[in-house]
Amino acid sequence: MLLYLRTKSLSKNDQQVETLLLEILQDMLEAQAKGISSKDYFGKSPQAYADDMIKVLPNDFIEAFKLILITIGSFTFFGFFPVC
């Protein structure tokens with residue numbers, strides 16, 4: 001769940017994603033203390049639960065722009081300096 005949320009929310013604000021993950025962890029710990037299993041907590045589809053959480057977060061265009069620049073920069077760098 002942690003990795004899924006982090007990889008699917010690349011265009012979101014990192015701090016908001018981490019805050020959301022902390023809230024989910026705290027809720028899971030409370031549910032576990034009450035004897036509720038993770039299957040009951042997340043339902044039958046943890047992926048759908050995570051997708052719903054991602055939809056709540058607003059897009060951060062600066063983060064998306066940074067990701068695009070890093071990708072283009074990486075391709076450019078390795079295009080000019082081939083490994084072999």
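The local environment of CD in Q32 is sparse, with at most 12 non-hydrogen atoms from other residues, nucleotides or ligands closer than 6.0 Å. Heavy-atom contacts from other residues, nucleotides or ligands closer than 6.0 Å to CG of L22 number more than 12. Remark: Y4 OH is packed, more than 12 non-hydrogen atoms of other residues, nucleotides or ligands lying under 6.0 Å away.
M1 and P46 make their closest contact through CE-O, 3.7 Å (heavy atoms, listed as atom of the first residue, atom of the second, distance). V17 and L5 make their closest contact through CG1-O, 4.4 Å (heavy atoms, listed as atom of the first residue, atom of the second, distance).
With values rounded to the nearest 0.5 angstrom, M53 atom CE is found 9.0 Å from L57 atom CG. Once rounded to the nearest 0.5 Å, the distance linking CG of L21 with CD of Q16 reads 12.0 Å. In this structure, CG on L67 lies 14.0 Å from CD1 on I62, to the nearest 0.5 angstrom. Atoms CG and NZ, from D14 and K66 in turn, are 8.0 Å apart once rounded to the nearest 0.5 Å. How far CE of M28 is from CD1 of I36: 12.0 Å, rounded to the nearest 0.5 Å.
Checked by atom type and distance alone, the side chain of N59 never pairs as donor or acceptor with a backbone atom of F61 at under 3.5 Å. Side-chain N or O atoms of S9 include none that pairs as donor or acceptor with a backbone N or O of K12 at under 3.5 Å.
With hydrophobic clusters built from ILVMFWY side chains whose heavy atoms lie under 4.5 angstrom apart, Y49 does not share a cluster with L3. Under the 4.5 Å side-chain heavy-atom criterion for ILVMFWY residues, a single connected hydrophobic cluster contains both F80 and F77.
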Step by step, would you call I24 with F42 a side-chain contact (heavy atoms from CB on, under 4.5 Å)? CA-CA 10 Å; I24 292 171; F42 289 119; 4.3 Å; yes
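Side-chain contact between K39 and K44 is absent, with no heavy atoms from C-beta onward closer than 4.5 Å.
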